[in-house]
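All values derive from a computational prediction rather than experimental measurement.
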Amino acid sequence: MRRLLLGLAALLATAVPATAEEPAFISLGAGYYDLFDDQGAGEARLEYRFSEQNKLFFFTPFVGVTATTDAATYGYVGVGIDVFFGKRWVATPNFAVGVYGNGDGKDLGHPVEFRSGLEVAYRFDDYSRLGLSFTHISNAGLDERNPGVESLVVVYSIPFQKLFND
């Protein structure tokens, strides 16, 4: 346990805050929903991540929607923290709250659901990112039924202004 804590401390010591203003992003994702249970489905994700100028303290806000191939939907708002490891690698722990509809998919027990996750991405010269996101969604005990769900999603984030430039 001591070695694990020392290793984690050494890793965090190499992390640096963003040295440049991060732009707003449109993030698109595709992956697998319900990794550890028997109601797996495909997942698509769309998020808008606000720029550094719109931070709430040191948190970067975002809004998004997720849909599955079983017609489950989840609309959410949340915050994340970009932690850079050098110029190229960024880890983004994040938290969100939203409204869930199970469609023909997994019943999570309550319409209000909380999402926590971690995204690890490679940052390109144009600030776009390609990464992998792992998230957990549950209702945090708001209902007796609280099975939760985990997702693994490949995410591509493109600077918002780049969508409108020639």
Side-chain angles (χ1 to χ4, degrees), residues 1-36 40-69 72-98 100 113-138 140 148-166:
M1 182 64 154
R2 176 181 234 149
R3 286 183 184 176
L4 177 64
L5 291 175
L6 287 173
L8 182 59
L11 182 64
L12 290 175
T14 65
V16 294
T19 56
E21 289 278 322
E22 288 297 295
F25 290 101
I26 293 291
S27 296
L28 304 169
Y32 193 76
Y33 178 85
D34 203 19
L35 279 171
F36 305 121
E43 177 178 328
R45 185 181 299 170
L46 173 66
E47 286 182 3
Y48 177 81
R49 300 177 185 181
F50 291 84
S51 68
E52 292 283 318
Q53 298 167 342
N54 295 303
K55 278 192 170 195
L56 301 172
F57 302 104
F58 51 87
F59 297 104
T60 302
F62 59 86
V63 296
V65 64
T66 293
T68 72
T69 54
T73 56
Y74 180 58
Y76 52 90
V77 298
V79 293
I81 302 170
D82 285 341
V83 180
F84 285 85
F85 296 90
K87 180 181 175 184
R88 299 288 183 194
W89 292 97
V90 58
T92 307
N94 57 76
F95 176 80
V97 62
Y100 178 79
E113 297 287 331
F114 301 92
R115 186 188 91 174
S116 56
L118 176 66
E119 181 177 309
V120 176
Y122 180 84
R123 182 172 169 242
F124 298 96
D125 287 337
D126 67 354
Y127 290 87
S128 64
R129 300 176 182 184
L130 179 63
L132 192 61
S133 172
F134 177 80
T135 57
H136 170 77
I137 298 174
S138 79
V149 66
E150 289 77 25
S151 294
L152 189 62
V153 175
V154 174
V155 178
Y156 180 67
S157 300
I158 184 168
F160 186 73
Q161 76 273 5
K162 190 174 178 182
L163 294 173
F164 303 103
N165 291 344
D166 294 334

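- Residues V79 and K55 fail the side-chain proximity criterion, which asks for heavy atoms closer than 4.5 Å.
- A donor-acceptor pair under 3.5 Å links the side-chain atoms of Y74 to the main chain of E113, judged by distance alone.
- Considering only heavy atoms from C-beta on, V63 comes within 4.5 Å of V77 through its side chain.
- S27 contributes atom OG, which lies 12.0 Å from atom CZ of F160 (distance to the nearest 0.5 angstrom).
- In this structure the side chain of T135 never reaches within 4.5 angstrom of the side chain of V149, judged on heavy atoms.
- With a 4.5 Å cut-off on side-chain heavy atoms, I158 and L163 count as touching.
- Side-chain contact annotation: T92 with N94, donor-acceptor N/O pair under 3.5 Å absent.
- When all heavy atoms of F58 and I81 are compared, the closest pair comes out as CE1-CD1, 3.6 Å.
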### Task
Evaluate side chain to side chain contact (heavy atoms under 4.5 Å, CB included) for Y156 paired with V154, printing each intermediate quantity in order.
CA-CA 7 Å; Y156 180 67; V154 174; over 6 Å; no
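- Scanning all heavy atoms of the two residues, the minimum distance from A140 to F114 falls at CB-CD1, 3.7 Å.
- Heavy atoms only, all atoms of each residue included: Y76 and A96 are closest at CD1-CB, 4.0 Å.
- E119 pairs by the salt bridge (Lys or Arg N to Asp or Glu O under 4.0 Å) definition with R49, not counting sequence neighbours.
- Nearest heavy atom pair, residue E22 against residue F25, reads OE1-CZ, 3.7 Å.
- In summary, the side chains of R45 and S133 do present a donor paired with an acceptor at a separation below 3.5 Å, with no hydrogens or angles considered.
- Distance check: R115 CZ to S138 OG gives 12.5 Å after rounding to the nearest 0.5 Å.
- Separation of atoms CG (D34) and OG1 (T68) is listed at 9.5 Å; rounding is to 0.5 Å.
- Taking the six-membered ring wherever Trp is involved, the centroid distance between the rings of Y122 and W89 falls below 6.0 Å.
- Taken to the nearest 0.5 Å, the CG atom of L28 stands 8.0 Å off from the OG atom of S157.
- The nearest pair of heavy atoms linking Y127 to P159 is CB-CG, 3.9 Å.
- The side-chain heavy atoms of I26 and L46, taken from C-beta on, include a pair separated by under 4.5 Å.
- A30 approaches V153 most closely through the heavy-atom pair N-CG1, 3.3 Å.
- Ionic pairing of E47 and R129 is not present here: no N-O contact between side-chain nitrogen and carboxylate oxygen is shorter than 4.0 angstrom.
- The side chain to side chain donor-acceptor pair (under 3.5 Å) check on Y100 picks up Y33, with sequence neighbours excluded.
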